[in-house]
Structure formats: C-alpha cells, structure tokens
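Working notes, beginning with the structure itself.
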Amino acid sequence: MIDSTPPAIQIIEVSKHYRRGDETVQVLDRFTLTVEPEAFVALMAPSGSGKSTLLNLMGGLDRPDAGRIVIAGTDLATLNEATLTRWRARTLGFIFQLYYLIPVLSAARNVELPLLLLPLSREERHRRVEAALTLAGLPPERHRFRPTELSGGQQQRVAIARAIVTDPPLLLCDEPTGDLDRTAGDEILALLKTLNERLRKTIVMVTHDPHAATFATRRIDLDKGLVGELRPAS
Amino acid sequence: MKSPLRFSPLVLSALRRHRLRTWLTILSVLIAFLLFGLLQAIDHAFYGGVKAAGRRILVTMSAESMVEPLPRAYAAEITTMKDVHHVAYEVWMGGYYQHHNQLLYALAVSPRRWLAEEGRALILPHREISAWLKDRSGALVGNSVARTYGWKPGEIVPMRSDIWIHPDGRNTWPVRIDGIFHSTKKALSEGFLVHYRYWNTGMGNPNQVSLLRVKVTHLRDLGKVARAIDARFANSPHPTRTASAQTFVKHFINQTVDIGVIVEDILAAVFFTMLLVTANTLTRSVRERSGEIAVLHTQGYSRPLIFALILAEALILVLTGALAGTGLAVLIVQGLRSTLEAYLPYLTLTPRTILLTLGLSLLFAVLSSLLPLLQVQRLRTVDALRRG
Ligand SMILES: Nc1ncnc2c1ncn2[C@@H]1O[C@H](COP(=O)(O)OP(=O)(O)OP(=O)(O)O)[C@@H](O)[C@H]1O
Ligand SMILES: [Mg+2]
C-alpha cells in the first residue's frame, strides 16, 4: 500500500544551537527549506555544517530552539514524545551511513524489527520482510545471513529494506554511501532512485559527494553552511 | 497476534552478543541461589524442630542449670494447677552401649503419660507396647538404633551411664528390648525409652526428674501457666524455669551455633555480589548497544517498550540462574537427606522456600535493571547516533 498523500517537508525559520563547554555552536540559524512531495532531494554541505542535525530535526529525534517543522501537514511541535514515536513508525524510514544492524540477528530478523510494533500475524510479517528484502536487492539465499556475513553494500540493502518494510512515505538518508566504494555506492543510489520513482517515496539524502547528488531529482548546495537566511534555489 | 513473545529474538539477541559474559552472569546468579537454597534447607533443618515441638507443651526445668534435677513431686503439684491438662516427666540417661562413642539417646520416662503424648508417632505392634508397659526393666528402641547395633526383641542390652551410678558403684543398666518401633518423626527412630521407675529404683529412689512436660488445656494459657509454675516454686529450694517447648528447642539450638546470623551474613554478601555482577552485565550491554537502541527508537520503539525489553533481558538472566541454582539445591538436599536424616530430620527445601526464591529472583531482576534503565532514560538518540 502506497500512501496517496505523500508529505511535503516544511522547515520554517528553524534555529538550533549546541553548547560545548562555555561556547555556543549555532548550527542552524533561522533556516528555511521546502521539499515537494515525491521529490528526491540531495542536500550537499561540508562536514560539520549541520546536515545530520537537520535530518534529526525532520525526523523528530530532536527539537529545534525556534521555528516550525511541518511534515505531511503535521507540525512536530504539537506531538508529545509518545505520539511522536508512533508518528515516526508510520511516517519515516531512517537510513544511516553505519547501517546499525543488530549483529547477532539475521538480515530477515533485522528487517522484521519495525513490523513487530504493528498488529500483524507472523505470516504477514514474513511476507513483508521477504518483499522488502527482495525489493532492496538482497539475493534470497542471503536473507538468513547475519550482517557480518554480508558485504557493506548488502548490509546497506538490509538497512534500506528495514526502512521501507513498514511502507513509510518519507525516507531520511544520512550519507547512505559514505562507507561504500564507488560501485556498491552507485548500486545503493540507484536503488534509492528506484524507490523514489517506482514507490514514490519522498527522499531527503544528505551527502558531501557531488557524484551521489546526481542520482537525485533535486540538488541543494549549502556550501556556505546552514547558518544564516539560506533560501536554496529550486 | 500481539503476543509480547514476538520480541523474544530481539531480547535473546542482546544476551547472545557476548555469550561467555551471559553464561558467567547466569553462573553467578546460579551460585547465589544454590547457596540460598542450601542455607535455607540447613536453617530449616535446625529450626524445623521448633515448629514440630508440640504447641501446647511447656517444659519446666531447674532455674539453676539444665543438668540440675527437680523433685518428682512437682509433677503432682503442677497437675493440680489451673489450666493444666497433664504432666509428664523424664530423666536424661546419658547412656552409651559398649564404648563411650556409642551414645544412646535414652530417656527414662513415665511410660503411660509419655505414650499418651507421643504414642501416635510410634509404629509398632500393640503387643510389644503392652509387653513394655508390664516390663519394668524393658526398653522400646527406634528401628534406626536397633539396626545400628543389630539388636533383636528379647535381647538384653547392657547400657552404661557415666552420669547415673548405682549406690553400690555399678554403672550398668541392663535392659531387655521389648519392642522396636518405626516412627513418623525421624528423630525418634534413634530413640531409646526405659521406665522412669527402673531408673528411680536403680538409683535408690531419689525421686528426681530432669524435666517436666506440662500440657496446658488451651494454647492461649501457655504464658500464664508458665509464669504461674515458676512463681509457685520461686522460693523453694528448687526454683524452676518454664518455657514453651518451641522456645526450649530454639534456646538449645542457639547455644549450639547462631546459625541464623551466619546464614544471613553469607546470603547478604552472596546476593550483593550477584546483584553487582548482573547490574554490571546489563549496564555494559546497554552501553555497547546504545547505537542499536537509538535506531530502534528511530523505528518507532517507545522508551517504555525499550525499558520492558531490558527488563525482560534481566529477567531471563536472573530467572535462568535462579531456577538452575534452586534445582541444583533441591538435588543436593535430596542426596544429603538419606545420609543425614538421623541428625537433621528436617533437612528439606519447603515449598515456602521455593516460592521465596521466585519472589527474590523477580526482585533481583528489577533491582539489577535499575541502573541500565536509568542509562536508557538518559540516552539521547541523536547523541547515540553520532557516536556510532
Ligand atoms: N550534541 C552535540 N553537542 C555539541 N555539539 C554538537 C552536537 N551535535 C552536533 N554538534 C555540532 O554541531 C555541528 C553540526 O553537526 P552535524 O553532525 O549536524 O554536522 P554534519 O553536517 O552532519 O557533519 P558530518 O558531515 O561530519 O556528518 C558540528 O560542529 C558538531 O560538532
Ligand atoms: Mg552528519
């Protein structure tokens, strides 16, 4: 089932600072960004400029100091911790540079984890796990392998399967190819492109690799960092 | 469909990460509960007798010392007192068979009174009982002691005593075995019963007793009767000290060894160590998995659910160890019982102890997961993801 009302992302005048000792690091300063439904956006910015911070804010993992974050019409400020968690389960899939798979669980078991929160029978869970892993391009004979028995690219495929297994409309990817070589990286990027085109997932991918950005439908360069009133051209 | 068991692979995965550490932790819990089980059994073996001692029975002895005799006339006098049902008396023979180390737990008793109280615990043919009642120099012996020395009914046993010497200087007290009894009370199967009158005439009629057993009419009068007895003889040449049979047994044990205190100290140390080990294992496990926990959070796992998963992890660790430890304790106690039953008839693990074990293991599971739960409470998902 594909959500017929995909989310738009609206980041409105968002500020975020961190405190390190006595000094304050202003990471985002009244930052504004809009992402259209079904877009595949590559956010390009140098290391340390606040890309992960921005992604975490979009996913409701952290709260901004000021400004509004509206995802698919939902203002995240209106959700408390518990509802935010439930909202996340329905709306988002996260994909990280370091995969974060549980090493002693098989690929299939790892992908099943988000499904355990839903009222599904064991058979239904199994069916969806197999579908997601197949879609993510992990060969069927590897579905029972442990992450340590898989290559980096295959591990990232498992992580992507885990992100899409609940069929969320929005995928947030934090340097998904950062740990992969060019070939494996390209395969992952092609997979994300397919997910965007065929399943109409809205994808926000942060990266500092210009080549990776070529797979996206829209590239936003933030090379001056995210500080300041930056309105990316669309 | 929504069974919490569907999370079990996730919970087990946490334990499978470091198998050796998991097994060592379970082992430490196992040892703690094994010791707990064994010490509880020993405790019960010592104090079990306290509860078994008759509830309506008072024991009256000399106030001066346990070995100081009392006049037998006290029995008749106490019988006339209010709320007293009947009075039995006995003399501790301190006998032995051929050598000093062949102790006989011989009591010279008032036969009918004694049988009225304890007779139900004896299993032997009625004709052996009546034979003994008629035979003033006869004895009834427990099957265990009879088997040890190979005694048969009708045999004459030359018992000796260092405490009780005849006026002519002899120290032998030959008795005829009139009957051999089995007993529902294990301690009794070592018993050796002779007539009080046999001892009394043999000693030249001193008309003394080692102690009196006073049965009261109602349990609620126990304390009142005890005080009345001691008050009555307070100013006589032989003042008394009266206590419930239970207190008596307890007092006797406490003189032997203060087992309760030792048990408590050892257990406190063992359980504290176990708690540290378990808490340490869980804390490390949570710290190592902070990235994974953060990712579960991004997938929609709520904090309470993550708490529950860690608690389940703690429960598995502690319950596995506790069940294995208690099981082992039961096996060991069963094995020891056949060898030790003569000395420690109450050596056993009661259902109450096993229930207590279950309760304790639940408590320890919760206690040992407090620190890891605090860790999760403090864990900020974004920071955990940064650390990788
Ligand atoms: N919890 C925190 N405490 C203090 N400073 C932080 C914290 N999180 C981020 N920062 C700082 O905020 C800035 C932005 O961090 P962020 O991780 O968002 O950058 P990034 O663009 O994702 O970098 P990279 O490309 O290296 O992943 C950095 O200077 C970082 O040191
Ligand atoms: Mg980053």
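Naming: A, B, ... by sequence-line order, numbering from 1 per chain.
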Between [X] and chain A, with a heavy-atom cut-off of 4.5 Å, which part of the residue counts as in contact: side chain, backbone, both or neither?
X        : answer
B/Leu12  : neither
B/Arg303 : side chain
B/Thr381 : side chain

* Partners passing salt bridge (Lys or Arg N to Asp or Glu O under 4.0 Å) against A/Asp75 (at least two apart in sequence or in another chain) ->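 Counting only residues at least two positions away or on another chain, A/Asp75 forms a salt bridge (Lys or Arg N to Asp or Glu O under 4.0 Å) with A/Arg68.
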
* To do: Determine which residues belonging to residues 77-88 of chain A lie within contact range of chain B, meaning some heavy atom pair is under 4.5 Å apart, and list them by number or answer 'none'.
  =>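 Result: A/Glu81, A/Thr85, A/Arg88.
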
* Check whether any side-chain N or O of B/Tyr301 sits under 3.5 Å from a backbone N or O of A/Ala89 as a donor-acceptor pair, and report yes or no. =>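 Not confirmed, B/Tyr301 side chain does not pair with A/Ala89 backbone.
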
* Asked: So, the side chain of B/Arg16 versus the backbone of A/Val104: is there a donor-acceptor pair under 3.5 Å, distance only?
  ->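 Yes; judged by distance alone, with no hydrogens or angles, the pair exists.
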
* Asked: Out of curiosity, B/Gln299 CD to A/Thr166 OG1, how far, rounded to the nearest 0.5 Å?
  ->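 One gets 8.5 Å once the value is rounded to the nearest 0.5 Å.
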
* CZ-CG distance between B/Arg6 and A/Leu120, expressed to the nearest 0.5 angstrom ->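 These two atoms lie 9.0 Å from each other.
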
* To do: Quick one: do A/Tyr100 and B/Thr298 satisfy side-chain contact (heavy atoms from CB on, under 4.5 Å)? Show the steps, please.
  => CA-CA 11 Å; A/Tyr100 286 117; B/Thr298 68; over 6 Å; no

* **Contact class of A/Arg90 relative to chain B, heavy atoms under 4.5 angstrom** =>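 Neither part.
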
* **Under 4.5 Å from any heavy atom of chain B - which part of A/Leu92** =>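 The answer is neither part of A/Leu92.
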
* **Student check: side-chain heavy atoms of A/Leu117 and B/Leu305 closer than 4.5 Å** =>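 The answer is yes; the side chains approach within 4.5 Å.
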
* **Side chain to side chain, A/Phe94 and B/Val295, heavy atoms closer than 4.5 Å** =>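 Sidechains of B/Val295 and A/Phe94: no contact.
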
* Asked: More than 12 foreign heavy atoms under 6.0 Å from CZ of B/Phe272: is that the case here?
  ->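 It does not: B/Phe272 CZ has 12 such atoms or fewer within range.
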
* **Exceeds 12 heavy-atom contacts within 6.0 angstrom, atom NE2 of A/His208** =>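 It does not: A/His208 NE2 has 12 such atoms or fewer within range.
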
* Winner by heavy-atom pair count (cut-off under 4.5 Å) against chain B, out of A/Gly60, A/Pro103, A/Gly59 ->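 If we count pairs closer than 4.5 Å to chain B, A/Pro103 comes out on top.
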
* Most chain B-contacting option - heavy-atom pairs closer than 4.5 Å, from A/Arg109, A/Gln97, A/Glu112 ->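 Ranked by contacts with chain B, first place is A/Arg109.
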
* Heavy atoms only: give me the nearest A/Leu105-B/Pro9 pair and the separation to one decimal. =>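 Result for this residue pair: CD2-O, 3.7 Å.
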
* List the atom of A/Leu101, the atom of B/Glu292, and the distance in Å for their closest heavy-atom pair. =>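 The answer is O-OE2, 4.2 Å.
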
* Going through the checks in order, is the side-chain contact (heavy atoms from CB on, under 4.5 Å) test met by B/Leu385 and A/Asp174? -> CA-CA 11 Å; B/Leu385 289 173; A/Asp174 196 344; over 6 Å; no

